[in-house]
Structures are given as structure tokens and as C-alpha cells.
Amino acid sequence: MSRLLDQQIKKLKLSFVTMGLNVSTALGDAVDAWQNSDVQLAQTVIDGDENINEQEVHLEGKSAQIIALQQPVAGDLRKIVAILKASSDLERLADHAVHIARKATREKEGPSDPELNDLLLKMAKNDRQMLDSMIQAYSDLDNESAVEISEKDHQTDEYLQQVNKIIIKRINEDPSFAIEAMDYMKLGNHFERIGDYVTNIAEWIVYTERGRITELGRNDY
């Protein structure tokens, strides 16, 4: 029974990592689509979201099945619960990637402010690096790496503060910029939320290994 459970958890984790890689690809493509006003690539991201949703549903179903049939306890149960919760964070992260991709379908001429574009692309790069590193940390169940990766979310938050300051400055200089400013603010918020979801995944890695819920990036741990 224990050997079967180990195999099932291993498959569950592999499915989670696969989902994570798909979400990472979607995020990268969404940013490229926005940056280059690539409507076709944006539509690929939007259409691919259904597959990511299906992967989450699959993980939920398999997790529930394993818990019901194998009745895992202690560490094994934590592994399953953590994957269940983290897959939900991945799905929500992917939703933000879809919102970013949709910007490309509405902005035919692309974003116009070089300084704001640069900051948002830095946010996107930091998010993507965090996500890729976090997927590896989950694969290895490396809670120390997870904590270190989550700390990089502060950089995304700092970029967002810079974005908001520049937006206020631009509107003061030219009130007509307000409409475009709203788009920049929404994009910045999407990238900020993506960093938060990656941090949530880090918390589930820590939970798996340490057996307690720990808020990273907010309180001492």
C-alpha cells in the first residue's frame, strides 16, 4: 500500500510540474504578445488557458481519489494537500497571463511609454524567473530554495511602486495620458499578483517539508 501511494504521489507531483511549465510558457508568451502587439500569439495563450484549467481539475480529482482510497497520513497527506492548493495558485496565475495577453488584442499599435514598458518588462522577467525556479524547488521539495525565491517578490513590488510614481507624474504633465495610464496600472497589478501567487506556492513547499503554514514575505519565518 505504501509503495503504491508513493507512486501515486510521484505521478501527482509530475502532473503538477507539467502544469507549472505550461503556465510558465503561457506567461512568457503573454508578455511577448503584449510587447509586440502579436494578436496571434495572444490568442494562443487565451485558447491554451482551457488546457491549464483541465490540468487543475485533473489534479483535484486525482488528489481526492488518492485521499479517499489510500487514506494517507502525516507527510504523505501534506504532500497531496499542498499540490492541491498549489495547483489552484497556478491556475489563478495563468488567469493573469490571459489578461496580459488580451491587452495585445486591444492595443494594435502597442504600448507607447518606453520607461513604463521597461519597468513592466522587468516585473515580468522577475516573475518568470521566480516561477521557473519555484517549479524546480517544488520538484525537489527544497523549502530553503522556496524561501529564497519568495524573497524576490519584493523586487516586483518595488517595480510596481516605480510604475505608479511615473504614472502619476505622466498624468500631471498630460491629463490625456490618464486612459493609457489605467492600462499600465492594470498590467502592473497583474504582474504584482503573479509574484504573490508564486510566493503562495513557496508557502506550500514549506508546509510540505515543515508541517506548518508559514507566511513568506510578510512575517518572520
Undergrad: State which residues pass ring-ring contact (aromatic ring centres under 6.0 Å, His included) with Phe16; sequence neighbours excluded, sorted by chain then number.
TA: Tyr138
Undergrad: Indicate the atoms forming the closest heavy-atom contact of Val31 with Ala124, along with that distance.
TA: CG2-CB, 3.7 Å
Undergrad: Restricting to ring-ring contact (aromatic ring centres under 6.0 Å, His included), what partner residues turn up for Tyr197, sequence neighbours left out?
TA: His96
Undergrad: Which atoms form the tightest heavy-atom contact between Ala42 and Ala101, and what is the distance?
TA: CB-O, 3.2 Å
Undergrad: Same cluster for Leu116 and Met185 if Ile/Leu/Val/Met/Phe/Trp/Tyr side chains link at under 4.5 Å?
TA: yes
Undergrad: Has the side chain of Lys85 got a donor or acceptor atom that lies under 3.5 Å from a matching backbone atom of Trp204?
TA: no
Undergrad: So which of Asp153, Leu131, Leu93 actually passes side-chain contact (heavy atoms from CB on, under 4.5 Å) with Ile194?
TA: Leu93
Undergrad: Report whether Leu141 and Ile83 are members of the same hydrophobic cluster (ILVMFWY, side-chain heavy atoms less than 4.5 Å apart, transitive linking).
TA: yes
Undergrad: Take Asn117 and Gln35 through the test side chain to side chain donor-acceptor pair (under 3.5 Å) and record every step on the way to the result.
TA: CA-CA 8 Å; Asn117 296 345; Gln35 183 182 11; over 6 Å; no
Undergrad: Would you call Asp196 and Arg193 a salt bridge, using N to O less than 4.0 angstrom?
TA: yes
Undergrad: So which atom in Ser150 and which in Met134 form the shortest heavy-atom distance, rounded to 0.1 Å?
TA: N-CE, 4.1 Å
Undergrad: Passes side chain to side chain contact (heavy atoms under 4.5 Å, CB included), Met19 versus Glu56? Steps please.
TA: CA-CA 8 Å; Met19 180 183 177; Glu56 185 202 7; 3.8 Å; yes
Undergrad: Is it true that Gln136 and Asp140 share a donor-acceptor pair across their side chains at a distance under 3.5 Å?
TA: yes
Undergrad: Applying a strict under-4.5 Å side-chain criterion to I, L, V, M, F, W and Y, I'd like to know whether Val81 and Leu14 cluster together.
TA: no
Undergrad: Kindly give the heavy-atom pair with the smallest separation between Leu5 and Pro72, and that separation in Å.
TA: CD2-CB, 3.9 Å
Undergrad: Drop me the distance from Glu148's CD to Ser133's OG, to the nearest 0.5 angstrom.
TA: 10.5 Å
Undergrad: Are Thr44 and Asp29 close enough that a side-chain donor and a side-chain acceptor fall under 3.5 Å?
TA: no
Undergrad: Just to verify, what does Asp132 make a salt bridge (charged side-chain N to carboxylate O under 4.0 Å, His left out) with, not counting sequence neighbours?
TA: Arg128
Undergrad: Give a yes or no on whether Glu50 atom CD has more than 12 heavy-atom contacts from other residues, nucleotides or ligands under 6.0 Å away.
TA: no
Undergrad: Would you call Glu209 and Arg78 a salt bridge, taking side-chain N to carboxylate O under 4.0 Å as the test?
TA: no
Undergrad: Before accepting this row, confirm whether a basic side-chain N of the pair Lys122/Asp118 lies closer than 4.0 Å to the acidic partner's carboxylate O.
TA: yes
Undergrad: If you count the non-hydrogen atoms of other residues, nucleotides and ligands that lie under 6.0 Å from CD in Glu144, is the total more than 12?
TA: no
Undergrad: Please report the interatomic distance OG(Ser15) to CD(Gln55), rounded to the nearest 0.5 Å.
TA: 8.0 Å
Undergrad: So, Lys165 versus Gln162: side-chain donor-acceptor pair below 3.5 Å or not?
TA: no
Undergrad: Given 3.5 Å as the limit, does a donor-acceptor pair link the side chain of Ser145 with the main chain of Asp142, or not?
TA: no
